[in-house]
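One structure is given below, encoded as structure tokens.
Since the structure is predicted, the reported quantities are computational estimates derived from the model, not experimental observations. Sequence positions, counted from 1, serve as the residue numbers for this chain.
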Amino acid sequence: MARKPKPVTWYIATPADGIIERSRAAGTLVNLAASVGEVIDHPQPCINLWFDESPFSYFRMVKRVGEALEDTGIWPVTWPVRLWIVQPLGETGNWSQRYYPYRLLSHQIRVLEETDAHIALGPAGRDVLNVIQQEIPERAARWAADWDADPEGMRERKWDWEQCGGRTRGSGRWAESLALAVSRNHRESAAQTWIENLAQNTVDQALAGTDASMMARCYAYSRATGCAVAAQYQARFEPYVLDALRGVGLDSPAPAMAA
């Protein structure tokens, strides 16, 4: 007996006010928060399907929730956002089934319900936000201070962490490339990009008003994004990879030089 296909869930992400950001930019506001349970017709649909005749030519939705934050028009990256489950109605299209099989375009949708926005950051979205909001602010100041206290020494240690693995952990660059590949394979590239931007924004906030050097800020960026991405993949990677992403060992005192 043939199995029935699993129902497809389609998602649209918006800023906290529930307005589709591209509709705001186009001056034709579409507010999903005010339209739950209702059918919405596109205010200015494109005539030639499916071309961008304006910044907001059609409704854009995805069935892979890890890509829900892609191509939203939301900038700068911020949190919270809101995530909506919608039903496409009428004729639908796609730019390319080969390159965008998870995307769908339409001129009419029904807004079914709002759902937990954390899943747009991956299965461990709540843990990721906990790292970004609770752990990185305190650590960022320490990372920057470590760098500015010994720029040359930290530059050497950072290079060693990025390029050289060992028995207990891989190299930082290798772990970063692995995380990027996994995000693409699981259709969570947008989630990882958003996570990295949120982590860097948190560093900026934590170091605002301090005299941290630019290189110290860059070092804090790399450590913050590594810790946040490690939280994203905590259930998928072994400690060998996670420790490389987190930079385990960089926070311990530098080994003393032999006399």
(Q) Could you check whether any side-chain heavy atom of Glu21 comes within less than 4.5 Å of a side-chain heavy atom of Thr72, counting everything from C-beta outward? (A) no
Q | Pairs meeting criterion salt bridge (charged side-chain N to carboxylate O under 4.0 Å, His left out) with involvement of residues 101-115, two or more places apart | A | Glu70-Arg103, Asp71-Arg103, Arg82-Glu114
Q) Hey, does Trp79 have a side-chain heavy atom less than 4.5 Å from the side chain of Ile132? A) no
**Q.** Residue pair Pro101 / Arg187, side-chain heavy-atom distance below 4.5 Å
**A.** yes
Q. Does Leu83 reach the side chain of Asp116, with side-chain heavy atoms less than 4.5 Å apart?
A. no
Q) Considering all heavy atoms of both residues, which atom of Val229 and which atom of Ala179 are nearest to each other, and what is their separation? A) CG1-CB, 3.8 Å
Q. What is the ring orientation for Tyr58 with Trp50, classed by angle as parallel under 30°, tilted 30 to 60°, or perpendicular over 60°?
A. perpendicular
Q: Side-chain contact test, heavy atoms from C-beta onward, threshold under 4.5 Å: evaluate it for Leu89 versus Ser106 and give yes or no.
A: no
**Q.** Side chains of Glu67 and Tyr100, donor plus acceptor under 3.5 Å
**A.** no
Q) So, for Gly249 and Arg157, which heavy atoms are closest and what is the spacing to 0.1 Å? A) O-NH2, 2.9 Å
Q: Could you give me the CA-CA distance, side-chain angles and deciding distance for Gln163 and Ser171, then say whether side chain to side chain contact (heavy atoms under 4.5 Å, CB included) is met?
A: CA-CA 5 Å; Gln163 306 296 333; Ser171 69; 5.7 Å; no
Q. Do you see a donor-acceptor pair shorter than 3.5 Å between the side chains of Gln200 and Glu196?
A. no
**Q.** Nearest atoms (heavy-atom pairs only) where Gln232 meets Ala124
**A.** O-CB, 4.0 Å
Q) Going only through I, L, V, M, F, W and Y residues with side-chain contacts under 4.5 Å, is there a path from Val39 to Ile85? A) no
Q. Looking at Asp17 and Arg24, does any basic side-chain N land under 4.0 Å from a carboxylate oxygen?
A. yes
Q. Is there a chain of hydrophobic side chains (I, L, V, M, F, W, Y, each step under 4.5 Å between heavy atoms) that links Trp159 to Trp174?
A. no
(Q) Quick check: do His107 and Glu91 have side-chain heavy atoms less than 4.5 Å from each other? (A) no
Q.
Whether Asp52 and Arg60 form a salt bridge (side-chain N of Lys/Arg under 4.0 Å from carboxylate O of Asp/Glu) is what I want to check.
A. yes
Show me the donor-acceptor pairs, under 3.5 Å and distance only, between side chains in residues 208-220 and residues at least two apart or in other chains.
residue: Thr210; atom: OG1; partner: Leu207; partner atom: O; Å: 2.7
residue: Thr210; atom: OG1; partner: Ala212; partner atom: N; Å: 3.4
residue: Ser213; atom: OG; partner: Asp148; partner atom: OD1; Å: 2.6
residue: Ser213; atom: OG; partner: Ala216; partner atom: N; Å: 3.1
residue: Arg217; atom: NH2; partner: Leu207; partner atom: O; Å: 3.1
residue: Tyr219; atom: OH; partner: Arg223; partner atom: NH1; Å: 2.9

Q | Charged N-O contact under 4.0 Å between Asp243 and Arg246 | A | yes
**Q.** Side-chain heavy atoms of Leu129 within contact of Arg126, under 4.5 Å
**A.** no
Q.
Please say yes or no: joined through hydrophobic side-chain contacts below 4.5 Å, possibly via intermediate residues, are Val248 and Trp161 part of one cluster?
A. no
**Q.** Residues that, via side-chain heavy atoms closer than 4.5 angstrom, fall in one hydrophobic cluster with Phe59
**A.** Val8, Trp10, Ile12, Ile20, Val30, Leu32, Val36, Ile40, Phe56, Met61, Trp84, Val86, Leu104, Ile109, Val111
(Q) Quick one, Arg139 and Glu135 - any side-chain contact, counting heavy atoms below 4.5 Å? (A) yes
Q.
How close do Gly122 and Ala191 get, counting heavy atoms only, and between which atoms?
A. N-CB, 4.2 Å
Q) What pair of heavy atoms forms the shortest contact from Thr78 to Trp194, and how long is it? A) O-NE1, 3.2 Å
**Q.** Minimal non-hydrogen separation, Arg64 against Tyr102, with atom names
**A.** CG-CB, 3.4 Å
Q.
Membership question, hydrophobic clusters at under 4.5 Å side-chain separation (ILVMFWY): are Leu198 and Leu180 in the same one?
A. no
